[in-house]
Amino acid sequence: MVPEPPLSVISLGGYKMSVARFWRKQQNRYNLIGTRCTTCGKYFYPPRGFCPDCRREGNIVDHQFKGTGKVVTYSIIRSSSGNFKLLTPYVLAIIELDEGTRLTSHLVCDIDQVYIGMPVRRVFRKLGEDGSSGAIFYGTKFVPA
Amino acid sequence: MTDGAAAVILAPLERAREFTDTPIKVLGAGQASSTIALHDRKDICTLDATVAAGNRAFQMAGVERKDIGFVEVHDCFTIAEICAIEDLGFCKKGEAGKLTEEGQTAIGGKIPINPSGGLKACGHPVGATGVKQVYETVKQLRGDAKGRQIDTEIGMTHNVGGTGATVVCHIFGRV
């Protein structure tokens with residue numbers, strides 16, 4: 001039996017997430033708060049509650065990432081779907097934060113500007129909206145530093 | 001998306017000759033899993049799952065890279081073939097492009113890759129592709145691969161799922 005979805009659900013450009021879950025993740029999405037293991041010093045974004053290397057020897061604490069990093073590699077997206085159609089062409093980059101963790105993000109800049117190794121910094125941006133009368137949801141993107 | 005189908009018949013080795021005069025034996029198998037997200041990988045040109053699955057298959061089969069007569073690799077995209085040749089240990093990382101340009105991965109070369117034409121030539125009906133690779137291997141080892149025959153007793157297959165999150169390798173030999 002597939003469980004009924006929760007009544008309060010928001011559509012993040014086609015991907016559905018319950019409002020309760022979105023609220024729980026908000027600090028992580030808005031402020032780039034992840035976690036770190038004080039035993040081995042490894043950083044995690046998205047946050048992990050468990051260090052896969054240290055396991056029970058690990059000690060996980062919250063970590064506010066500095067928000068600066070560099071471009072590892074990138075693609076220019078020219079054909080997209082949902083909320084992202086309006087943005088094309090845009091840069092999708094794998095960014096390595098100063099702490100060593102990597103993530104994939106929209107890099108807000110001219111498509112001619114981006115290069116491997118380019119320094120970048122985080123910004124708070126609108127990611128999309130759940131239709132013209134639905135919730136507006138925000139998150140972290142990156143711009144050239 | 002492509003449409004297609006392939007089939008193999010498996011039997012215990014002791015009973016194989018009840019079904020065919022030319023049974024082909026599984027010498028080794030290896031499976032490994034890795035991350036899906038590209039940003040979680042140590043190197044974007046390496047599938048760690050291919051490296052691990054290949055090593056496991058070679059260990060079980062008890063053969064070496066130089067014993068392999070051909071490999072059917074998962075060339076969902078051209079670069080995937082280049083990376084697979086390196087990750088399976090047939091050359092150093094970064095050298096498979098040159099190896100291919102020199103003709104070493106063609107029939108008659110040092111390590112023929114995808115005598116069937118691979119996924120690029122045959123299409124890629126997900127799921128059926130892996131079985132098709134086994135079909136090609138069996139045809140080759142039986143000496144029944146007209147027009148693309150390689151003279152060898154040992155062949156290898158390499159199949160990928162989940163954009164590199166999981167890889168399975170098999171090594172086959174004549175009975």
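For clarity, every value in this text was computed on a predicted model and none was experimentally measured. To find a chain, count down the sequence lines: A is the first, B the second, and so on, and within it residues start at 1.
Using bins of under 30°, 30° to 60° and over 60° for the plane-to-plane angle, the ring pair A:F124/A:Y30 lands in the perpendicular bin.
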Original post:
Can you list the steps and then say if B:H124 with B:H74 is a ring pair (Phe, Tyr, Trp, His ring centres under 6.0 Å)?
Top reply: CA-CA 9 Å; B:H124 177 31; B:H74 195 92; 5.0 Å; yes

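Looking at B:E136 and B:R148, a side-chain N of the basic residue comes within less than 4.0 Å of a carboxylate O on the acidic one, giving a salt bridge. For B:K98 and B:E102, the salt-bridge test passes: some basic side-chain N is under 4.0 Å from an acidic carboxylate O.
Within the 4.5 Å cutoff, no side-chain heavy atoms of A:T35 are placed close to those of A:V61. With a 4.5 Å cut-off on side-chain heavy atoms, B:V134 and B:K132 do not count as touching.
Heavy-atom proximity under 4.5 angstrom to chain B picks out A:R102, A:L103, A:T104 from residues 98-120 of chain A.
At a 4.5 Å heavy-atom cutoff, the contact between B:L38 and chain A is made by backbone and side-chain atoms alike.
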